[in-house]
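Each remark here refers to the structure printed beneath this line.
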Amino acid sequence: MTSTGESCSYTYEEYKETADWLLTHAKQRPKVAIICGSGLGGLADLLVEKTVFPYAEIPHFPQSTVEGHDGQLVFGELNGKLCVCMQGRFHFYEGHSIAKVTYPVRVFYLLGVDTLIVTNAAGGLNPKFNVGDIMLIRDHINLPGFAGINPLCGQNDDRFGSRFPCMSDAYDRDLLRLAQETAQEQGCAAFLQQGVYCMLAGPMYETVAECRALRILGAEAVGMSTVPEVVLARHCGLRVLGFSLITNKVVTDYESTERVSHNEVLETTRMRTKDLQKLVSNLLSKL
Ligand SMILES: O=P(O)(O)O[C@H]1O[C@H](CO)[C@@H](O)[C@H]1O
């Protein structure tokens, strides 16, 4: 049990119960799942022929508590492709166990999904990045994982994947190329970047010294999500594509008067959300 009294792990049967419930209640059989980051849930509104499930109605499903995360699972079609979209994700800092944060990923796998698209809002560490840039995630640094906060800790269930999964190919190279091509075609290459995302547990934003340390580690964007979802997705063999929207620049100078806030984060997502939606939507038609 965690300090909040939550279960630290789930049985195969629990994941299966959720998946079976969804298979009974939704007519769509998507191969693509999308997890929407802070302020980026508008993507799910673009789906047509929708079936919408508030998280509270889905057996064993966690609840969203963060502003900018609506808390519903949307099945439907986007640009001719069936998908299931999480309008709101779960974060470790909300007090959820890491198993709960990643719960939907194994449910997606049991639904028959083979591709996961993750989006997030992130702070830009790479000095070349501008606010409003979209960074394709080339790789990640699992900082909570260094400290043992990892959804794969505990007994391994071989029905999902192997004890020691490879992570050197976490982000699918073909999907990365496709995303770059698509960005060129739709004319948003000018603000497309590629880089390394680093997850911290949050909920506080980083100190100046932490940002400087993260840069030395090779991180180019920093956030409080995504990595556990990707780890679990790769464990069960899903292909992964990730987008970080650079919502703010991190502070690396003690003289700076800049102060990051969630309002600033959400404001940037409002400015760039349509471009990201178009990119994901155009890309889906090519899968
Ligand atoms: O990663 P997402 O969910 O997009 O949200 C990011 O924005 C929030 C902080 O402003 C944190 O939750 C951080 O992880």
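When a ligand or atom number is given, it counts from 1 through the structure's own listing order. Numbering of residues begins at 1 and proceeds along the displayed sequence.
- Rounding to the nearest 0.5 Å places CG of Leu175 at 5.5 Å from CG of Leu241.
- Both the backbone and the side chain of Asn120 come within 4.0 Å of ligand 1, judged by heavy-atom distances.
- Cation-pi contact between Arg106 and Tyr10: absent, since separation from the ring centre below 6.0 Å together with deviation from the ring axis within 45° is not met.
- Remark: side-chain polar atoms of Arg29 are paired, donor with acceptor, to backbone N or O of Ala26 under 3.5 angstrom.
- Between Asp275 and Lys278 there is no salt bridge, since no side-chain nitrogen of the basic residue lies less than 4.0 Å from a carboxylate oxygen of the acidic one.
- Note that CG of Leu82 is 10.5 Å distant from CG of Leu284, once rounded to the nearest 0.5 Å.
- Listed by number with element, the atoms of ligand 1 under 4.0 angstrom from any heavy atom of Arg89 are 1 (O), 2 (P), 3 (O), 4 (O).
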One pair to check against salt bridge (charged side-chain N to carboxylate O under 4.0 Å, His left out): Arg234 and Asp169. What are the steps and the verdict? CA-CA 9 Å; Arg234 292 303 297 143; Asp169 58 353; 3.6 Å; yes
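- The distance criterion of under 3.5 Å between nitrogen or oxygen atoms is met by Met224 with respect to ligand 1.
- Of all the listed residues (Tyr205, Tyr93, Phe90), Tyr205 holds the heavy atom that lies closest to atom 9 (C) of ligand 1.
- Considering backbone and side-chain N/O atoms, Ser38 comes within less than 3.5 Å of an N/O atom of ligand 1.
- Considering backbone and side-chain N/O atoms, His91 comes within less than 3.5 Å of an N/O atom of ligand 1.
- Against a heavy-atom cut-off of under 4.0 Å, Val265 is close to the following atoms of ligand 1: 10 (O).
- Residue Gly37 approaches ligand 1 through these ligand atoms, each under 4.0 Å from one of its heavy atoms: 4 (O).
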